[in-house]
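Throughout, protein chains are lettered first and strands after them, A, B, ... in sequence-line order, and every chain is numbered starting at 1. Here the structure is a predicted model, which means the values were calculated and not measured.
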There are 2 protein chains.
Amino acid sequence: MGVTTKPKQTPTDKREIYYRDRVRQQGQRYPQFHWPSVQVLLNLAYTYNVTAAHLARALGKHGLSPSSFNLLMILSRNGGEGCPLYEIGELLLVSRANVTGLVDSLERKGLVERVTDKRDRRVRVARITKAGETLLESLLPEHYLDLRKICSRLNTAEKASLGDLLTKLRNSVQFSPDNKGPGKKP
Amino acid sequence: MGVTTKPKQTPTDKREIYYRDRVRQQGQRYPQFHWPSVQVLLNLAYTYNVTAAHLARALGKHGLSPSSFNLLMILSRNGGEGCPLYEIGELLLVSRANVTGLVDSLERKGLVERVTDKRDRRVRVARITKAGETLLESLLPEHYLDLRKICSRLNTAEKASLGDLLTKLRNSVQFSPDNKGPGKKP
DNA sequence: AAAATATAGTTAGGAACTTAATTATTTACC
DNA sequence: GGTAAATAATTAAGTTCCTAACTATATTTT
C-alpha cells in the first residue's frame, strides 16, 4: 500500500460519534431525554461489560465460566456439607433450571458431585470434589491479584465512594415507588 | 403451623452471610485477597444486573430485547440510509454472527429490512421500517423517563462523580500494562 | 490478468441463561 | 389418614450471545 493519510479510526470513535449524534437528535425530539442520566447508565453497562469480559477470559483459561467459578466458590465455603441446589440459585441469583445445568457441567468435569439429602429426599446437595478444591487453589491467587489490580487506580476513598454511588443507584431501581413488581395475578 | 419465632429471612440475607464468611475465610487463606476491591466489583456486577434486568423487563413489554432495541436506535439515527451490518456489530460491541441473528429476528417482525449495497455487493445494509419507527416513538418517552427516574436519587455532582469513577475503573482494565491482549499467533 | 489475501455475511454448534411444564417428595388440612 | 398444596429438581423449548468454518465479493500483489 502507498503512503496514505487515512486516519485509521478505532471502533471507539464510531461509538463516540454515534452517541454524540444521538444526544442531539433525541434531546430535541423527546423532552424526557436526560443526557446525564443516559450517560451514566451507558457508562455503567460499558464498564461492567469490559471488566466482566476481562475476568471471564482469565477464568476461561482454567475452563471455567464466571458462573461455574462462583458456584465452586460457594461449595468451597461449605466444604463437606455441600449446598442444596435451590440455595445455590438464591446465592447466584439465577433460576433453578440454570443451576441444574451448571452442576451438570461441573459434574461432568469431576469438579463437583451430587448427593441426595437424607432428611428431605427432594433436595440434591452439590459438594465440591478434591479436584474442584485443587483447581480453585491453583487459580485463586492470580484471580484475587487480578481483582486488586483492576481497582488499583482507585484509592481507598474512591473505592468507597464508587461503592456508595452504585448502591444508591441500585436502591433507586429496586425500591422505587412505582416498581411494577411481579404483578401477581388474582 | 404454630406461632413461631421464625425470622423469615429474605434471600438477600443469605447472600450477606455468604459474603461475610467468604471475606473471613479467603482473607486468611490468600494474601492477594483485598476485600475493598472484591466488594466494589461485586457491587458493580450486582448494580448492573439489577438495572439491566429492570430495563429489559420494560422493553420486553414491547417485544424487544435490549440488543434489539439498541439496534433499532442505531438504525433510527441513520434513517433511510441504513447501516451496514458490520458497523452495527462495532457499535453494539457484538460479533457479526450475532448481528445476523438480531437482524433476522427484527426482520421477521417487520421492524427492519435488508438491502444489498450497490457499490460493494458483500455488504448488506439494514434499514428501519415505518413500523420500526412507530414502535420506537411509542416506547421512547417512557424509556427515557425510566432512565431518568433510575438516576433521580443521584444529584448532578454524584452522577458526574459516578461517571468519572466508572471510567477510571474501565481504563484500568482496558489499558493496564499487563493486558494479555489478543495474543496473536505467528 | 491470475493468484493470494482481506472483508462481509451467513451457518453450525455450543454455553449460559430464561419460563413453563413435569416428576418426586414433603407438609398442611380436614 | 388421605387429599390438596407447596417445594426441589429436572426437562423442554426458546433467546442471546460466542467461536470457527464456510461462501461470496473485493482488493492487492506479482
Side-chain angles (χ1 to χ4, degrees), chain A residues 1-2 4 6 8 11 45 48-49 52-53 55-57 59-61 63-71 82-109 112 114-126 182-183 185, chain B residues 1-2 4 6 11 45 48-49 52-53 55-57 59-60 63-71 82-109 112 114-126 182-183 185:
Chain A
M1 76 194 80
T4 73
K6 193 166 59 160
K8 182 65 175 84
Y48 168 78
N49 283 324
L55 295 175
R57 200 178 328 122
L59 291 171
K61 287 177 190 157
L64 291 178
S65 68
S67 288
S68 297
F69 168 73
N70 285 327
L71 174 33
C83 188
L85 298 203
Y86 73 91
E87 198 170 315
I88 294 173
E90 290 171 6
L91 290 171
L92 291 181
L93 298 175
V94 300
S95 67
R96 275 175 305 168
N98 192 15
V99 174
T100 295
L102 289 171
V103 172
D104 279 351
S105 93
L106 287 173
E107 201 174 25
R108 257 179 264 123
K109 291 177 191 158
V112 311
R114 269 188 179 87
V115 289
T116 302
D117 190 319
K118 279 155 195 157
R119 299 174 243 186
D120 186 340
R121 277 165 34 211
R122 289 172 302 182
V123 349
R124 301 291 127 79
V125 170
K185 295 152 194 163
Chain B
M1 78 190 81
T4 73
K6 191 164 64 161
Y48 168 77
N49 284 324
L55 295 174
R57 202 180 324 123
L59 291 171
L64 292 178
S65 68
S67 289
S68 298
F69 169 73
N70 286 326
L71 174 33
C83 188
L85 299 204
Y86 73 91
E87 198 170 317
I88 295 173
E90 289 172 5
L91 290 170
L92 291 181
L93 299 176
V94 299
S95 67
R96 279 174 306 166
N98 192 14
V99 174
T100 294
L102 289 170
V103 172
D104 280 349
S105 93
L106 287 172
E107 202 174 24
R108 257 180 263 122
K109 291 177 189 156
V112 312
R114 269 187 180 88
V115 289
T116 301
D117 190 318
K118 280 153 195 158
R119 298 174 247 187
D120 186 339
R121 277 163 39 212
R122 287 172 302 183
V123 350
R124 301 291 124 80
V125 171
K185 295 153 194 163

Seminar exercise, completed: Walking DNA chain C from its 5' end, the first of A:Asn98 and A:Arg122 to be reached, judged by nearest nucleotide, is A:Asn98
For this session: May I ask you to verify if any side-chain N or O of B:Ser67 is less than 4.0 angstrom from the OP1 or OP2 atom of D:dC17?
Result: yes
Exercise. Under 4.0 Å between a side-chain N or O of A:Arg57 and OP1 or OP2 of D:dC18?
Worked result: no
For this session: Please report the closest heavy-atom contact between B:Arg114 and B:Thr100, naming both atoms and the distance.
Result: NH2-O, 3.4 Å
For this session: Calculate the interatomic distance between B:Ile88 atom CD1 and C:dA8 atom P; express it in whole Å.
Result: 13 Å
Exercise. Between B:Ser65 and D:dT15, does any side-chain N or O lie under 4.0 Å from OP1 or OP2?
Worked result: no
For this session: Check every atom of D:dT11, C:dT11, C:dG9 against the side chain of B:Pro84 and return the nucleotide holding the closest atom.
Result: C:dG9
Problem set entry | Sugar-phosphate only, base, or nothing, as touched by A:Asp120 at under 4.0 Å among non-hydrogen atoms | sugar-phosphate
For this session: Using whole Å, report how far CG of A:Leu85 lies from P of C:dT23.
Result: 20 Å
Exercise. Does a nitrogen or oxygen in the side chain of A:Ser95 sit under 4.0 Å from OP1 or OP2 of C:dC17?
Worked result: no
Exercise. With a 4.0 Å cut-off on heavy atoms, is A:Arg124 in touch with a base, just the backbone sugar-phosphate, or nothing at all?
Worked result: sugar-phosphate
Problem set entry | Between C1' of C:dC17 and CG of A:Asp104, the distance in whole Å | 14 Å
Exercise. In whole Å, what is the span from the CG atom of A:Asn70 to the C1' atom of C:dA15?
Worked result: 16 Å
For this session: Please state how far atom CZ in B:Arg96 lies from atom C1' in D:dT23, giving the value in whole angstrom units.
Result: 12 Å
Exercise. Is any side-chain nitrogen or oxygen of A:Arg121 closer than 4.0 Å to OP1 or OP2 of C:dT25?
Worked result: yes
For this session: Can you tell me the distance, in whole Å, between the CD atom of B:Glu87 and the C1' atom of C:dT7?
Result: 14 Å
Exercise. Are OP1 or OP2 of C:dG9 and a side-chain N or O of B:Thr100 less than 4.0 angstrom apart?
Worked result: no
For this session: Return the value, rounded to whole Å, for the distance between atom CG of A:Asp117 and atom P of C:dT26.
Result: 10 Å
Problem set entry | Phosphate-side-chain proximity, A:Arg114 and D:dT10, N/O vs OP1/OP2 below 4.0 Å | yes
Problem set entry | Out of C:dT19, C:dG9, D:dA9, whichever nucleotide has its closest atom nearest the side chain of A:Tyr86 | D:dA9
